[in-house]
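These notes concern the structure reproduced below.
In this text the structure is predicted, and so the values were computed from the model without any measurement. Each chain gets a letter, A, B and so on, in the order the sequences are listed, and its residues count up from 1.
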There are 2 protein chains.
Amino acid sequence: MLDKHDFAPLYIQLYRILRKRILDGEYKQGEKIPSETELMKSFQTTRGTVRNALSLLTSEGMVEQVRGKGTFVKLQQLKYSIWNFGGFTDYLKSRNEVAVSMVLDQKTVSVDGVDYFKLVRARGIKKERTVRYLTVDTSLLPVSLFPGLDRYDFGKESLYRVMKQDYGVIPTRAEISLSVEPVSDRVKDILQEDRSLTALLKAEGSVFDQNNAEIEKVSVTYSSSVEFKITANMA
Amino acid sequence: MLDKHDFAPLYIQLYRILRKRILDGEYKQGEKIPSETELMKSFQTTRGTVRNALSLLTSEGMVEQVRGKGTFVKLQQLKYSIWNFGGFTDYLKSRNEVAVSMVLDQKTVSVDGVDYFKLVRARGIKKERTVRYLTVDTSLLPVSLFPGLDRYDFGKESLYRVMKQDYGVIPTRAEISLSVEPVSDRVKDILQEDRSLTALLKAEGSVFDQNNAEIEKVSVTYSSSVEFKITANMA
DNA sequence: TAGTGGTCTAGACCACGGT
DNA sequence: CCGTGGTCTAGACCACTAG
C-alpha cells in the first residue's frame with residue numbers, strides 16, 4: 001500500500017513496487033500487468049498517479065503500453081559486455097589481468113549546493129613491468145552517502161568494493177550516454193594516444209543503487225584501443 | 001492557438017510551438033519561458049496539457065524546470081537519444097516525429113563468395129520544410145535470405161518493416177562494437193557537421209534473427225547531435 | 001508574501017482491440 | 001459491446017524561491 005506521509009511521492013512508491021515485482025519475476029516477461037484501472041483500485045489512488053508511475057517504467061523500457069490491450073512487461077535490458085560500469089577490477093580479474101589505478105585528482109567539490117567527493121583516476125592493466133592505461137574516469141560521489149570516503153587510497157582500493165563492503169551500497173543500474181569528445185593533451189599522453197588525434201569515445205551518466213537512488217555521477221574517456229561492445233535484444 | 005480538431009493532440013501541438021520558438025531564438029538560451037500558469041491562459045488549456053508538453057521538452061533536454069523559479073531554455077544542442085538498431089522509424093513515430101530516409105547507394109556486392117544487397121542511407125527527421133539527417137547507415141543483407149529486395153524503394157519503405165512483413169524475418173538481437181572513426185567530408189556535409197571535425201561515433205556489427213542467424217551486417221555513423229543512450233543492469 | 005513547479009484528485013470523452 | 005490506454009479538464013495543496 002502507498003503511504004501518503006512517506007518521504008517519496010506516491011507515484012515513485014508505486015513505481016518502485018511495480019519495478020520490484022517485475023525484477024522479482026512476479027510479473028513475467030511478455031505478460032500483462034494489471035490495468036491502470038485495477039492499479040487505481042488496488043492502491044487506492046487516482047489514474048494520474050498510476051500513469052506517472054507507469055510512464056517511468058515505460059521510459060526505462062521495462063514495460064510497454066498498448067492502447068486497447070494493456071501494459072506488458074518488456075524487460076529488453078540491453079546487456080553489454082563492457083568495461084567499467086559495475087566492475088572494472090572484477091572484469092579484469094576474470095580475464096587474468098592485473099588492474100591498476102592511478103589517482104589523478106581527489107577532492108571535495110560542491111555542485112548545486114550538494115557536496116561530492118570527486119575522484120579522477122587513470123585505469124588500466126599491468127603486464128610484466130609496463131602499465132597501459134585504458135580509461136580516464138571521473139567519479140562524483142555524494143558525501144552524504146559516503147562520509148569519510150576520502151580516507152581511502154583508491155590507487156590501491158577498488159571503489160566498488162569499498163562502496164559495497166564498507167557502505168553497503170550496491171550499484172545496480174547505470175544510465176549512460178555516449179558521445180565523441182575532444183580530449184586534452186594530458187589525457188592523450190596518459191592513454192598513450194597520438195597528439196594528432198582529436199577526439200575519443202566518452203561515456204557519461206549516473207549509477208543507481210537498488211532503491212534507484214543516484215549513487216555516482218561518472219564520466220569515462222576510453223583509449224582508442226578499447227573495444228566497446230554491446231549486445232542489444234530487440235524483441 | 002491550439003486546435004481541438006487537429007490530427008495531433010493538444011500537448012503535441014503546444015510542444016511543437018514551444019520548440020519552434022526556442023529553435024527560432026524567440027526564447028533564448030538560459031532565458032525563462034512563460035510559466036505553466038501563463039501558458040495555460042495564453043493557450044486556453046489546462047495545466048496537465050501544458051505539463052505534458054513541457055515534459056517532452058524536458059526529456060529532450062531543451063528546457064529545464066526548476067521548482068520555485070521557472071522553466072529555462074537549456075538548448076545544449078538538441079540531442080536525440082536514439083537506439084537505431086531495431087526501429088529507427090518506430091522510435092521516431094513514438095515521438096511524433098517524421099522519419100526520412102535518403103538512399104545514397106544501392107547495389108549487389110559479393111563478400112567472401114556470398115552475395116549481399118548493399119544499402120547506404122542517410123536517415124533523419126523532417127521538421128516543417130527542413131530535413132535533418134542524423135545517421136549514415138550501411139547495411140549488407142544476404143541475397144539468399146532476401147531475394148528481390150532491390151525492388152523496394154527504401155527512401156519510402158522502412159527496411160525493418162519489409163523484413164518483418166514481406167520476408168517474415170524478425171530482428172531479435174544485435175552485437176555492436178562502438179568506436180570513434182574519422183569521417184569523409186561527404187558524410188560531414190550530409191550530417192551538417194563542421195568540416196574541421198575529424199571523427200564521429202560509429203557503431204558496427206551484426207543483427208541476428210530469432211534463430212540466431214545473421215540477417216544484417218550494419219555500420220552506422222552518428223551525427224554529433226545524436227545522444228547514444230544505454231541502460232545497463234549490473235546485478 | 002506572491003509566484004513557481006511538483007504532486008494529487010475526480011471526474012470526462014476518445015480511439016483502439018478483442019468479444 | 002466492454003475494457004484498455006491516450007488525452008483533457010478543473011480544481012486542490014504543497015515545497016521551494018525570491019522580493
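Residues that satisfy the side-chain hydrogen bond (donor to acceptor under 3.5 Å, both in side chains) test with B:S42, not counting sequence neighbours, are absent from this structure. Residues passing the salt bridge (charged side-chain N to carboxylate O under 4.0 Å, His left out) test with B:D6: none are found, sequence neighbours excluded. Every residue two or more places apart in sequence or in another chain was checked for a salt bridge (charged side-chain N to carboxylate O under 4.0 Å, His left out) with B:D194, and none qualifies. Taking the side-chain hydrogen bond (donor to acceptor under 3.5 Å, both in side chains) definition, one finds that A:K20 meets it with A:D24, sequence neighbours left out. Partners of B:Y116 under the ring pair (Phe, Tyr, Trp, His ring centres under 6.0 Å) rule, at least two apart in sequence or in another chain, do not exist in this structure. By the ring pair (Phe, Tyr, Trp, His ring centres under 6.0 Å) test, A:F146 is found to be paired with A:Y167, residues two or more places apart in sequence or in another chain being considered. For B:D3, there are no salt bridge (charged side-chain N to carboxylate O under 4.0 Å, His left out) partners at least two apart in sequence or on another chain. Applying the salt bridge (charged side-chain N to carboxylate O under 4.0 Å, His left out) rule to A:E157 yields the partners A:R161; only residues at least two apart in sequence or on another chain are considered.
The residue among A:K4 and B:E36 whose nearest nucleotide of DNA chain C lies closer to the 5′ end is B:E36. Take the nearest nucleotide of DNA chain D for A:Q65 and for A:G68: the residue whose nucleotide is more 5' is A:G68.
Within residues 44-56 of chain A, the residues that place at least one heavy atom under 4.0 Å from DNA chain D are, in residue-number order, A:R47, A:R51.
Counting heavy atoms from C-beta outward, A:L119 and A:D137 have side chains that stay 4.5 Å or more apart. Side-chain atoms of B:Y15 and B:N52, non-hydrogen and from C-beta on, never get closer than 4.5 Å to each other.
We find that NZ of B:K69 is positioned 14 Å from P of D:dC16, with the value rounded to whole Å. If you take CZ of A:R67 and P of D:dG5, they are 12 Å apart, rounded to a whole angstrom.
The salt bridge (Lys or Arg N to Asp or Glu O under 4.0 Å) pairs that include a residue from residues 42-52 of chain B are B:E36-B:R47, B:E36-B:R51, where partners are two or more places apart or lie in different chains.
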Structure string for DNA chain D in dot-bracket form, Watson-Crick and G-U at under 3.5 Å, | interchain: ||||||||||||||||||.
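You can see that DNA chain C meets the heavy atoms of chain B within a 4.0 Å-exclusive cut from C:dG3 to C:dT7, reading 5' to 3'.
One finds no side-chain N or O of A:S35 lying less than 4.0 angstrom from the OP1 or OP2 phosphate oxygen of D:dG3.
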